[in-house]
Trainee: 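Here it is: the structure, laid out below.
Below, all heavy atoms of this structure are taken into account, side chains as well, without hydrogens, waters or symmetry copies. We name chains A, B, ... by the order of the sequence lines, and we start the count at 1 in each one. This one's a predicted model, so the numbers in the text were calculated from it and none came from an experiment.
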Amino acid sequence: GAVVSQHPSRVICKSGTSVKIECRSLDFQATTMFWYRQFPKQSLMLMATSNEGSKATYEQGVEKDKFLINHASLTLSTLTVTSAHPEDSSFYICSARKGLAGGYNEQFFGPGTRLTVL
Amino acid sequence: TQLLEQSPQFLSIQEGENLTVYCNSSSVFSSLQWYRQEPGEGPVLLVTVVTGGEVKKLKRLTFQFGDARKDSSLHITAAQPGDTGLYLCAGAYTGGFKTIFGAGTRLFVKA
């Protein structure tokens, strides 16, 4: 199997607070995890690539100090949205890739986290 | 810039009709995936194609990889309301590490 969980599934927070989202690969080890953001009726927008034991690689235009990523183990990556503002409200989805680069590059996605910042 | 063009962007059809979704690029893929995403959920992997000319079937869904590995199609036969969702193609280019996603095709099947 290839199951990825995400927690929480839904979070509502006040502007200025920080929110942590966890992404876990439940039945496999993932050296690489990805964090995406999805706006309504749009495709996925890659935010960053998270590699276990090293710093995340952020896509152009994504603030690394605002979206903190930690990939502390082969089964867990976290995304912390710091000092959240209403414009950060979105659907955040993580994915995990089995094996090493050079394979089939299949990504297995979590169920997503709906963040609403008031 | 590597692009993965997906078409159509939106499709609304009656139950029982057939449809085809296309995914095209000017570069060669080492592998290509098709995903389906339902509202409020993460994408679910449907299939991976790797070999040029490969055809894979998943019940009423037929996936084809172009001979040159630059394009792919998803054909759904006798669509059902349960097929409604966002279909995404995603490809990794030869020698590349990152996966590129298409813009998605939003399918709505009316009963």
Trainee: If you count heavy-atom pairs under 4.5 Å between each of Gln6(A), Arg10(A), Gln107(A) and chain B, which one has the most?
Mentor: Gln107(A)
Trainee: Check whether any side-chain heavy atom of Cys23(B) sits under 4.5 Å from a side-chain heavy atom of Leu32(B), and report yes or no.
Mentor: yes
Trainee: Pick whichever of Leu46(A), Leu44(A), Ile93(A) has the most heavy-atom pairs under 4.5 Å with chain B.
Mentor: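 Among Leu46(A), Leu44(A), Ile93(A), the one with the most close pairs to chain B is Leu44(A).
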Trainee: Of the options Arg37(A), Arg114(A), Met45(A), Met47(A), which is the one that meets Ser90(A) in a side chain to side chain contact (heavy atoms under 4.5 Å, CB included)?
Mentor: Arg37(A)
Trainee: Check each atom of Gln37(B) against the heavy atoms of chain A and say whether the ones under 4.5 Å are side chain, backbone, both or neither.
Mentor: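 Only the side chain of Gln37(B) comes within 4.5 Å of chain A.
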Trainee: Which atoms of Gln38(A) come close to chain B, meaning under 4.5 Å heavy atom to heavy atom: side chain ones, backbone ones, both, or neither?
Mentor: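 For Gln38(A), the contact with chain B is made by the side chain alone.
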Trainee: Tell me, yes or no, whether the heavy-atom count around Gln80(B) atom CD, taken from other residues, nucleotides or ligands under 6.0 Å, exceeds 12.
Mentor: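 Result for CD/Gln80(B): enclosed.
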Trainee: Against chain A, work out which of Ala103(B), Pro43(B), Ala90(B), Gly104(B) has the most heavy-atom pairs shorter than 4.5 Å and name it.
Mentor: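 Ranked by heavy-atom pairs under 4.5 Å with chain A, first place is Pro43(B).
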Trainee: Is the count of non-hydrogen atoms from other residues, nucleotides or ligands lying under 6.0 Å from Arg60(B) atom CZ greater than 12?
Mentor: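 Yes, the 6.0 Å shell around CZ holds more than 12 heavy atoms from other groups.
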Trainee: In terms of heavy-atom pairs under 4.5 Å with chain B, which of Ser43(A), Gly112(A), Pro40(A) leads?
Mentor: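 So the answer, after comparing Ser43(A), Gly112(A), Pro40(A), is Ser43(A).
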Trainee: Looking at Lys41(A), I want to see if its NZ is surrounded by more than 12 non-hydrogen atoms of other residues, nucleotides or ligands under 6.0 Å.
Mentor: no
Trainee: Tell me, side chain or backbone of Tyr35(B) under 4.5 Å from chain A's heavy atoms, or both, or neither?
Mentor: side chain
Trainee: Measuring only between side-chain heavy atoms, which start at C-beta, is Leu79(A) closer than 4.5 Å to Cys94(A)?
Mentor: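 In short, these two side chains do not touch, never coming nearer than 4.5 Å.
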